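Here's the structure, in structure tokens; my notes come after.
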Amino acid sequence: MEKDAKIYVAGHRGMVGSAIVRSLEKNGYANIVKRTSKELDLRRQDEVEKFFAAERPTYVFLAAAKVGGIMANSEQPADFMYDNMILEMNVIHEAYKNKVKKLMFLGSSCIYPRMAPQPMKESCLLTSSLEQTNEAYALAKISGLKYCEYLNRQHDTDYISVMPTNLYGPNDNYHPEHSHVLPALIRRFHEAKISNKPEVTIWGTGKPLREFLYVDDLADACVYLMNTYSGDETVNLGTGKELTIAELANLVKKVIGYNGRIEYDASKPDGTPRKLLDVSKLNRLGWHYKTELEDGIRLTYNDFLHNDMRAER
């Protein structure tokens, strides 16, 4: 990407989008186009058409999405499918119509089959059934990456897709019911600490295995790949390391300084038993993660404590 090129970051106020903006600015890219959801509703085709016709960005990072944890995905599958599918199709299609030089579509590791061989290679996509608790979101994301692939094939575009593992970091959503596991644990242990609760209850058995990538590492990988990678196949973005939810809970407990017990509610869903990405392709392309999990949790907890909007909602 040229340093003076106009770059549109869709979803710039979210955890991923804001990290991409930070990475771009750190690397000397100053011509960054941003729109809030109030200024531009990406679900409205007419608004997206007018935006692209007026701004004509050269590069696009599509980080906008409706996201949530197991509860939110289970309760609102129609909303997750519609909002994500319509906004990504609008942005990708208008990028094509307006001759955007390169676009990056950000998906999620939940696109891979529930019982995919571990660690999950990019080639295992669509080889068996998805995890039911987030099937709607996964189907929407699969549609987006496939649309990029089909545009490349039919119209010789240069649109790439990346599939991040579980992300965390500054500007995360710490909602007690609608957030992902790590920010939810941060809030739960923090509130238990300040109220002197004797125990913290966690959904599920604590046995599922998960991988976590600090969002600023993710953003650096995205900028790196926009400059170095082209191809139809997606690229997994992760650390290649995993731990159980129980191990994660104990790590968050340690960072926050909570001294009570941890209980597990086995009546609640665990989700996919294991979700580890094979990052050998990413490593071959020349990128490796930098932030270790405990260090990243400390940075994220600091964000929670000092970002009133994120901490209170």
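Starting from 1, each residue takes its place in the sequence as its number. Computed from a predicted structure; not experimentally measured.
Within a 6.0 Å radius of CZ in R298, more than 12 heavy atoms belonging to other residues, nucleotides or ligands are found. Applying the 6.0 Å contact sphere to CZ of R22 captures more than 12 heavy atoms from other residues, nucleotides or ligands. In K121, the NZ atom is not crowded: 12 or fewer heavy atoms of neighbouring residues, nucleotides or ligands sit closer than 6.0 Å. The environment of CG in N259 is sparse: at most 12 heavy-atom neighbours from other residues, nucleotides or ligands sit within 6.0 Å. Shown here is K290, whose NZ atom has more than 12 heavy atoms of other residues, nucleotides or ligands within 6.0 Å. Atom CD of Q154 has 12 or fewer neighbouring heavy atoms from other residues, nucleotides or ligands inside a 6.0 Å radius.
Side-chain atoms of E88 come within 3.5 Å of backbone N or O of G144 as a donor-acceptor pair. Judged purely by atom type and a 3.5 angstrom limit, E47 uses its side chain to pair as donor or acceptor with the backbone of D41. For the pair S128 (side chain) and P113 (backbone), a donor-acceptor distance under 3.5 Å is absent. Between the side chain of N90 and the backbone N or O of I86, at least one donor-acceptor pair lies under 3.5 Å. Looking only at distances, no side-chain donor or acceptor of E149 sits under 3.5 Å from a matching main-chain atom of D232.
Looking at R56 and N98, their side chains do bring a donor and an acceptor atom within 3.5 Å of each other. Checked by atom type, the side-chain pair H190/Y301 shows a donor-acceptor distance below 3.5 Å. Between the side chains of K66 and Y82, no donor-acceptor pair is found at a separation under 3.5 Å. Using modelled atom types and a 3.5 Å distance limit, the side chains of D303 and Y174 yield a donor-acceptor pair. For the residue pair T201/D265, the side-chain donor-acceptor check at 3.5 Å is not satisfied.
With sequence neighbours excluded, no residue forms a salt bridge (charged side-chain N to carboxylate O under 4.0 Å, His left out) with K193. Evaluation of the salt bridge (charged side-chain N to carboxylate O under 4.0 Å, His left out) rule for D158 yields K102 as partners, not counting sequence neighbours. Listed by chain and number, the residues in a ring-ring contact (aromatic ring centres under 6.0 Å, His included) with Y59 amount to none (sequence neighbours excluded). With sequence neighbours left out, the ring-ring contact (aromatic ring centres under 6.0 Å, His included) criterion links F51 to Y8. Under the ring-ring contact (aromatic ring centres under 6.0 Å, His included) criterion, Y96 pairs with H155, sequence neighbours left out. Every residue two or more places apart in sequence or in another chain was checked for a ring-ring contact (aromatic ring centres under 6.0 Å, His included) with Y147, and none qualifies.
In this structure, K275 fails the cation-pi test against Y112, since its NZ or CZ atom is not both closer than 6.0 Å to the six-membered ring centre and inside 45 degrees of the ring normal.
A distance of 6.5 Å separates CG of L293 from CG of L182, quoted to the nearest 0.5 Å.
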